[in-house]
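All figures in this text were calculated on a predicted structure; none of them were measured in a lab.
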Amino acid sequence: MDRRVKLETLFQDEEIARLYQQYRINYDNTQLSEEIITYLRQKLPKEPGSIAVDVACGTGFLTRVLAPHFTRVIGVDCSEAQLRVAGENTTDTNIEYRVGFGENLDFIEDSSVDLVTIALGIAFLKTDQLFPEVDRILRPDGILVYINYEYRVGKQTMFLKPETSDATVIQGCQAVMDEMIDTARPFSGINMKELIEIHGGVPAPESYEPHHVIVPATRVGNIDTVLGYMRAMGAIRAYMKYNPEKGDIVEVYGGRIMSLLSTVSSIPEEVQFEIGSDFQCHMFRKPSPNNYDLTK
């Protein structure tokens, strides 16, 4: 099976859109969002009519973070189901959602956009078509930001930390999460490590000024939150779709976690977890006639 499972295949399901909104990490008030907003304040002049475009916006987590900082924010996604849920959870009047793909933003004028963001969607997009389109719509000095899961040898992209001092339980829960990631990985988009290998470096439009940071983003919840988080993963949904004989693997993993928790708590369903990931946040400034020295 192609490693690049199509985004529209993974996320058109209404159920997964609602799970995604309910259980995935909200970027608001996280170190990740703070890094992005700080960079924008440093690099992007505040002007009337400022526009941001959030590509592969999903249910609008990052779109809504951007709303207070721009006059107009456009969320673009190929999934109508994701956009319906985004609309239901959006009250900002300066946000609009459009069905579309990052490789074709023909409804946006040339050199009209201040910021383009892509949160966790870069692995599903064709960068040879995406970057020219981003370059077309960005104004000189405009900013491109994209986020992907961090991956290093010996370090998985997600962590699961139960609220206990028992090292065996902590390690056991992480081992379950690691196994789940390894099981689902062939059904996900390629990770950042593979993207760098393919491109010979961090993928970016030519001659843009780069800035890279690695930051964590987390949420807290009980076993229901953990299982919801797992069910909201497109790769897990794809794995179960193409391997129906394996049954509900989320229930299997959940049972193993509950067994571990029962060794330290008489009410294991009330044990709290920190769930999250380290993220690579790549930020780039488009050159302009006043910005030829990209070392500054």
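Only one option out of Phe279, Phe284, Tyr39 pairs with His212 in a ring pair (Phe, Tyr, Trp, His ring centres under 6.0 Å); it is Phe284.
At distances below 3.5 Å, not a single donor-acceptor pair connects side-chain atoms of Asn89 with backbone N or O atoms of Gly60. Using modelled atom types, no side-chain atom of Thr127 and backbone atom of Leu130 make a donor-acceptor pair closer than 3.5 Å. Judged by distance alone, with hydrogens and angles left aside, the side-chain atoms of Arg72 form no donor-acceptor pair with the main-chain N or O of Glu96 at under 3.5 Å. Side-chain atoms of Thr263 come within 3.5 Å of backbone atoms of Leu260 as a donor-acceptor pair (strictly under, hydrogens ignored). Remark: the backbone N or O of Glu35 is not paired with any side-chain donor or acceptor of Thr38 at under 3.5 angstrom. No donor-acceptor pair closer than 3.5 Å links the side chain of Thr90 to the backbone N or O of Asp92.
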Let me have the donor-acceptor pairs involving side chains of residues 99-107, under 3.5 Å, with sequence neighbours excluded, atom names and distances please.
residue: Glu103; atom: OE2; partner: Lys126; partner atom: N; Å: 2.9
residue: Asn104; atom: OD1; partner: Asp106; partner atom: N; Å: 3.4

Check your understanding: Does the pair Phe159 and Gln174 meet the rule for a side chain to side chain contact (heavy atoms under 4.5 Å, CB included), with working shown?
Key -> CA-CA 6 Å; Phe159 49 82; Gln174 185 60 52; 3.5 Å; yes

(request) For the pair Glu88 and Gln21, evaluate side chain to side chain contact (heavy atoms under 4.5 Å, CB included) and give the outcome as yes or no after the intermediate values. (result) CA-CA 10 Å; Glu88 293 170 5; Gln21 173 61 34; over 6 Å; no

* Asked: Passes side chain to side chain contact (heavy atoms under 4.5 Å, CB included), Leu115 versus Ser50? Steps please.
  -> CA-CA 9 Å; Leu115 172 70; Ser50 58; over 6 Å; no

Working note: Asn26 + Arg219, criterion side chain to side chain contact (heavy atoms under 4.5 Å, CB included); need CA distance, chi angles, decisive distance, verdict.
CA-CA 8 Å; Asn26 191 335; Arg219 66 165 299 166; over 6 Å; no

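In the hydrophobic clustering of ILVMFWY residues, with side-chain heavy atoms under 4.5 Å counting as a link, Met180 and Val176 come out together. Ile25 and Ile37 fall within a single hydrophobic cluster, where Ile, Leu, Val, Met, Phe, Trp and Tyr side chains are chained together by heavy-atom contacts under 4.5 Å. Leu32 and Val220 are not part of a single hydrophobic cluster, where members link through side-chain heavy atoms under 4.5 Å apart. Cluster annotation: Leu40 and Leu62 are assigned to the same hydrophobic cluster (Ile/Leu/Val/Met/Phe/Trp/Tyr, side-chain heavy-atom contacts under 4.5 Å, transitive). Ile223 and Tyr229 fall within the same hydrophobic cluster, where Ile, Leu, Val, Met, Phe, Trp and Tyr residues are linked whenever their side-chain heavy atoms come under 4.5 Å apart, directly or through other members.
Residues Val113 and Ile51 approach most closely at CG1-O, 3.6 Å, considering heavy atoms. The minimum heavy-atom distance between Arg136 and Ile108, with the atom names listed, is NH1-O, 2.9 Å. When all heavy atoms of Ile236 and Ala184 are compared, the pair lying nearest together is CD1-CB, 3.7 Å. Nearest approach of Met240 to Val250, heavy atoms of both residues: CE-CG2, 4.3 Å. Residues Pro268 and Met258 come closest through the heavy atom pair CG-CE, 3.8 Å. Residue Ser288 comes nearest to Pro140 through the heavy atom pair CB-CB, 3.3 Å, listed as atom of the first residue, atom of the second, then distance.
By the 4.5 Å heavy-atom criterion applied to side chains, Val213 and Met283 are counted as neighbours. Looking only at side-chain heavy atoms (C-beta outward), Val116 and Val145 stay at 4.5 Å or farther from each other. Contact annotation: the side chain of Arg139 approaches that of Asp114 to within less than 4.5 Å [non-hydrogen atoms, C-beta and beyond]. Put simply, the side chain of Arg64 does not reach to within 4.5 Å of the side chain of Val73, judged on heavy atoms. In this structure, Thr117 and Leu66 have side chains that are in contact, with non-hydrogen atoms separated by less than 4.5 Å. Put simply, the side chain of Gln280 does not reach to within 4.5 Å of the side chain of Tyr146, judged on heavy atoms. For the pair Arg24/Met233, a side-chain contact is recorded, criterion being any heavy-atom separation below 4.5 Å from C-beta on. Counting heavy atoms from C-beta outward, Leu227 and Tyr253 have side chains that stay 4.5 Å or more apart.
Between the side chains of Tyr97 and Thr63, no donor-acceptor pair of N or O atoms lies under 3.5 Å.
Between Glu14 and Arg18 there is a salt bridge, since a side-chain N of the basic residue sits under 4.0 Å from a carboxylate O of the acidic one.
Atoms CG and CD1, from Leu144 and Ile118 in turn, are 5.5 Å apart once rounded to the nearest 0.5 Å. Interatomic distance, CD1 of Ile257 versus SG of Cys173, reported as 5.5 Å (0.5 Å rounding). Put simply, CD1 on Ile275 and OH on Tyr23 are 10.0 Å apart, with the number rounded to the nearest 0.5 Å. Distance check, rounded to the nearest 0.5 Å: NE2 of His282 to CD1 of Ile122 gives 9.0 Å. Rounding to the nearest 0.5 angstrom, the gap separating the CD atom in Glu163 from the OG atom in Ser265 is 10.0 Å. Rounding to the nearest 0.5 angstrom, the gap separating the SG atom in Cys78 from the CZ atom in Arg98 is 15.0 Å.
Partners of Arg231 according to the side-chain hydrogen bond (donor to acceptor under 3.5 Å, both in side chains) rule, which considers only residues two or more places apart in sequence or in another chain, are Asp248, Glu251. Among residues two or more places apart in sequence or in another chain, the side chain to side chain contact (heavy atoms under 4.5 Å, CB included) test is passed with Glu34 by none.
Within 6.0 Å of CD on Gln31 lie more than 12 heavy atoms contributed by other residues, nucleotides or ligands.
At least one cation-pi condition fails for Arg285 and Tyr208: the charged atom is not both under 6.0 angstrom from the six-membered ring centre and inside a 45 degree cone around its axis.
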